[in-house]
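In what follows, a structure is listed as structure tokens, so that the remarks can point back to it.
Numbered from 1 within each chain, the chains take letters A, B, ... in sequence-line order.
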Amino acid sequence: MSAKPLPGFRDFYPAELAERAHVMRVWREVARRYGFVEYDGPPLEPLDLYTRKSGDEIVGQLYNFVDKGDRPVALRPEMTPTFARMVAARANALRKPVRWFSMPQLFRYERQQKGRLREHFQLNVDMVGEADVTADAELLAVAIDMLRGLGLTQHDVRARVSDRRLLAALLARVGVTEAQLPAAYQAIDKVERDPRTVLVERLAGAGVGGDVAERLLDLARLWSVDELRATHGDDAAVSEALDRFARYQAHLTALGVHEWVVLDLTIVRGLAYYTGIVFELFDARGEFRAICGGGRYDTLLKALGDVDLPALGFGMGDVVLGELLRARGLMPSLAPTLDYWLAVEDAELLPVAQSTASLLRRLGHAVEYPLREQALNKQLKAAVNAGAREAVILRREALAGRGEVLVRALSDGQESAHQLGAWLEARIAEAGGAHGVSPA
RNA sequence: GUGGCUAUAGCUCAAUCGGUUAGAGCACCGGUCUGUGGCACCGGGGGUUGCGGGUUCAAGUCCCGUUAGCCACCCCA
């Protein structure tokens with residue numbers, strides 16, 4: 001009872017680690033298919049890497065301390081600054097577009113609740129060096145394919161997509177000034193959560209007039225390029241943004257992921273550095289927090305260093321995704337791990353079992369045998385509990401007389417007798433004979 | 001950082017109005033079983049009732065504090 005992990009931190013027992021490994025395996029595999037390569041950075045960074053652009057208020061959300069060399073440091077709360085530093089340092093040498101991914105463990109000192117801990121593993125997928133919406137489409141496609149790879153469908157997950165440039169043009173059209181943009185973004189972002197009267201009031205506080213506020217909030221009701229073109233398409237800036245968005249949608253269609261995607265102007269993303277297309281992935285029933293979020297941040301690399309390259313990326317955490325997969329019955333349980341269980345009739349046969357196990361293990365099989373004297377039925381029970389595929393039963397009489405062992409398939413109880421030597425030769429042949437081993 | 005709810009075995013839960021040695025199922029270990037697995041039966045280990053105070057003849061139960069968890073806010077991932 002007393003020995004528990006810190007609040008918001010998790011122990012990964014084998015069953016839970018198997019789940020994490022499953023998710024990470026799919027992340028890696030799908031990233032590979034899209035040509036992304038894996039990188040990593042330090043889990044501990046200088047504090048100012050995070051305060052430089054975000055200001056000091058972020059410190060309240062960080063796991064930070066002063067190390068023994070008097071350096072202010074923090075456990076990384078996000079990967080983007082590290083990524084930006086690494087790319088900037090070798091910007092000229094990297095082949096463009098850069099396609100990198102990472103799955104860092106990130107830390108935030110925050111009150112934990114459902115879907116939010118103080119630590120999580122977050123897949124980060126980023127591209128640098130391509131400004132066209134082809135890259136935006138590629139990025140969303142890889143995110144969707146990862147969910148597909150985990151067994152989810154377009155009925156389970158909705159990708160809600162917007163474009164900051166489109167939204168900015170629409171807001172300008174309805175009368176929002178440059179200075180009022182942040183307040184307008186925030187109001188749009190909150191349309192689903194807060195009552196309209198509250199939003200109008202808040203906008204008024206930011207100097208946005210009542211009629212402008214009403215027209216601004218009405219924008220969130222428009223759900224398609226066609227609707228937007230019909231109502232606001234006569235504005236040149238809006239029209240240009242709509243053309244770009246339509247091309248983006250065409251790319252998504254060609255990539256086979258359009259059925260997952262809807263235009264949704266209320267997707268703004270909290271982070272100020274997004275400059276173009278932004279998206280969030282939600283479960284379709286709305287039971288969970290966002291599974292994934294990202295977008296284009298063309299000016300961030302320049303702001304953090306002096307490399308001026310367009311960039312875009314997303315993050316996908318293991319916590320909410322895991323909750324969704326479990327709720328939909330898509331999280332595989334701990335798979336049986338053993339290929340063979342070598343059962344012995346009595347302890348004198350143990351050396352035979354051990355040398356047999358040694359050979360099978362060199363061939364790459366997972367093998368166990370009883371570590372103490374146990375009745376045969378206990379051993380078979382143990383074999384089943386260990387998740388073994390087959391039991392190899394060594395009995396004194398059969399082994400001494402005919403050199404035979406019994407191989408029993410534990411799934412259906414099918415049993416057959418084999419010469420031990422011949423059976424092992426068959427295992428070696430099966431393994432391709434490439435391991436350079438011969439029967440002991 | 002703010003508010004609401006909750007806390008009994010590894011897990012899910014029970015324990016009458018406050019009543020005397022806190023129970024059950026699952027899981028784990030052993031036995032029946034010189035013997036070929038998931039069954040059955042029997043047995044075993046495992047609890048300072050989150051922690052600390054208080055009220056009472058008596059507290060798992062009522063009160064206060066504290067810690068943790070859940071939910072929401074804030075904020076974001």
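Nucleotides B/G43 and B/G53 place their C1' atoms 41 Å apart, quoted to the nearest Å. Nucleotides B/U61 and B/A15 are separated by 10 Å at their C1' atoms, to the nearest Å. The same atom, P, is picked in B/G38 and in B/C33; the two are 15 Å apart, to the nearest Å. Comparing B/G60 with B/U49, their C1' atoms are spaced 5 Å from each other, to the whole Å. B/C51 and B/A7 are spaced 14 Å apart, taking the P atom of each and rounding to whole Å. Taking atom P on both B/G44 and B/G23, the two are 13 Å apart, rounded to the nearest angstrom. Atom C1' of B/U6 sits at a distance of 30 Å from the matching atom of B/G45, rounded to the whole Å. A gap of 32 Å separates the C1' atoms of B/C26 and B/U34, to the nearest Å.
Checked against side-chain hydrogen bond (donor to acceptor under 3.5 Å, both in side chains), A/Gln186 has no partners two or more places apart in sequence or in another chain. When the side-chain contact (heavy atoms from CB on, under 4.5 Å) test is applied to A/Met86, the partners found at least two apart in sequence or on another chain are A/Tyr39, A/Thr82, A/Trp100. Looking at residues two or more places apart in sequence or on another chain, you find a side-chain contact (heavy atoms from CB on, under 4.5 Å) between A/Leu350 and A/Gln354, A/Tyr369. Residues satisfying the ring-ring contact (aromatic ring centres under 6.0 Å, His included) test with A/His258, not counting sequence neighbours, are none. Residues satisfying the side-chain contact (heavy atoms from CB on, under 4.5 Å) test with A/Gln249, not counting sequence neighbours, are A/Val225, A/Phe245. Take A/Glu192 and apply the side-chain contact (heavy atoms from CB on, under 4.5 Å) test, not counting sequence neighbours, and it matches A/Arg160, A/Asp264, A/Thr266.
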- Which dot-bracket string fits RNA chain B when only Watson-Crick or G-U wobble pairs with both atom distances under 3.5 Å count, crossing pairs get [ ], and | stands for a partner on a different strand? (((((((..((((.....[...)))).(((((.......))))).....(((((..]....))))))))))))....
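Near RNA chain B, defined here as any heavy-atom distance below 4.0 Å, the residues from residues 366-375 of chain A are A/Arg372, A/Ala375, listed numerically.
Among the protein residues, A/Arg396 comes within range of no part of the nucleic acid, since none of its heavy atoms lies under 4.0 Å from any strand. Residue contacts shown for A/Gly294 are absent, as no nucleic acid heavy atom lies under 4.0 Å away. In this structure, A/Gln379 reaches neither bases nor backbone, as no heavy-atom distance under 4.0 Å exists between it and the strands shown.
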Nucleotide N/O to protein N/O under 3.5 Å, stretch nucleotides 1-3 of chain B:
from, atom 1, to, atom 2, distance (Å)
B/U2, O4, A/Arg111, NH1, 3.4

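Each of A/Arg395 and A/Asn385 was matched to the nucleotide of RNA chain B holding its nearest heavy atom; the match closer to the 5' end belongs to A/Asn385. Taking for each of A/Leu117 and A/Leu6 the nucleotide of RNA chain B with the nearest heavy atom, the 5'-most of the two is the partner of A/Leu6.
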Listed pairs under 3.5 Å, donor-acceptor, residues 312-320 of chain A side chains, sequence neighbours left out:
from, atom 1, to, atom 2, distance (Å)
A/Asp318, OD1, A/Phe121, N, 2.9
A/Asp318, OD2, A/Arg10, NH1, 3.1
A/Asp318, OD2, A/Arg10, NH2, 3.1

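Rounded to a whole Å, the CD atom of A/Glu119 is 21 Å from the P atom of B/C76. Between A/Phe288 atom CZ and B/C70 atom P there is a gap of 14 Å when expressed in whole angstrom units. The separation between A/Arg116 atom CZ and B/A77 atom P is 9 Å, rounded to whole Å. Taking atom CG of residue A/Asp346 and atom P of nucleotide B/C33, one finds them 20 Å apart after rounding to whole Å. Rounded to whole Å, the distance from CG on A/Leu376 to P on B/U34 is 10 Å. Computed from coordinates, the A/Glu110 CD to B/A72 P distance equals 14 Å when rounded to whole Å. Look at CG on A/Leu75: it is 18 Å from P on B/A77, rounded to the nearest Å. Rounded to whole angstrom, the span from the CZ atom of A/Arg118 across to the P atom of B/G69 amounts to 7 Å.
Within the structure, side-chain hydrogen bond (donor to acceptor under 3.5 Å, both in side chains) contacts touching residues 382-394 of chain A (residues at least two apart or in different chains) do not occur.
Using a 4.5 Å cut-off on side-chain heavy atoms (C-beta onward), A/Arg196 and A/Glu214 make contact. A/Asp163 has its side chain out of reach of A/Val133: every pair of non-hydrogen atoms, C-beta onward, lies at least 4.5 Å apart.
Side chain of A/Arg76 to backbone of A/Leu44: no donor-acceptor contact under 3.5 angstrom is found. Listed for the A/Gln379 side chain is a donor-acceptor partner under 3.5 Å among the backbone atoms of A/Gln374. When atom types are taken as modelled, the side chain of A/Arg215 and the backbone of A/Val174 share a donor-acceptor pair closer than 3.5 angstrom.
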- Sugar-phosphate atoms are those with a prime plus P, OP1 and OP2; base atoms are the rest. Using that split, label each nucleotide of nucleotides 38-47 of chain B B, S or - for protein heavy atoms under 4.0 Å, 5' to 3'. B---------
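Taking 4.0 angstrom as the limit, A/Gln112 places a side-chain polar atom (N or O) nearer than this to OP1 or OP2 of B/C70.
No hydrogens or angles were tested; on distance alone, nothing pairs the side chain of A/Arg108 with the base of B/C75 as donor and acceptor under 3.5 Å.
Remark: A/Phe288 CZ is packed, more than 12 non-hydrogen atoms of other residues, nucleotides or ligands lying under 6.0 Å away.
Residues A/Asp48 and A/Thr51 bring no donor and acceptor atom of their side chains to less than 3.5 Å of each other.
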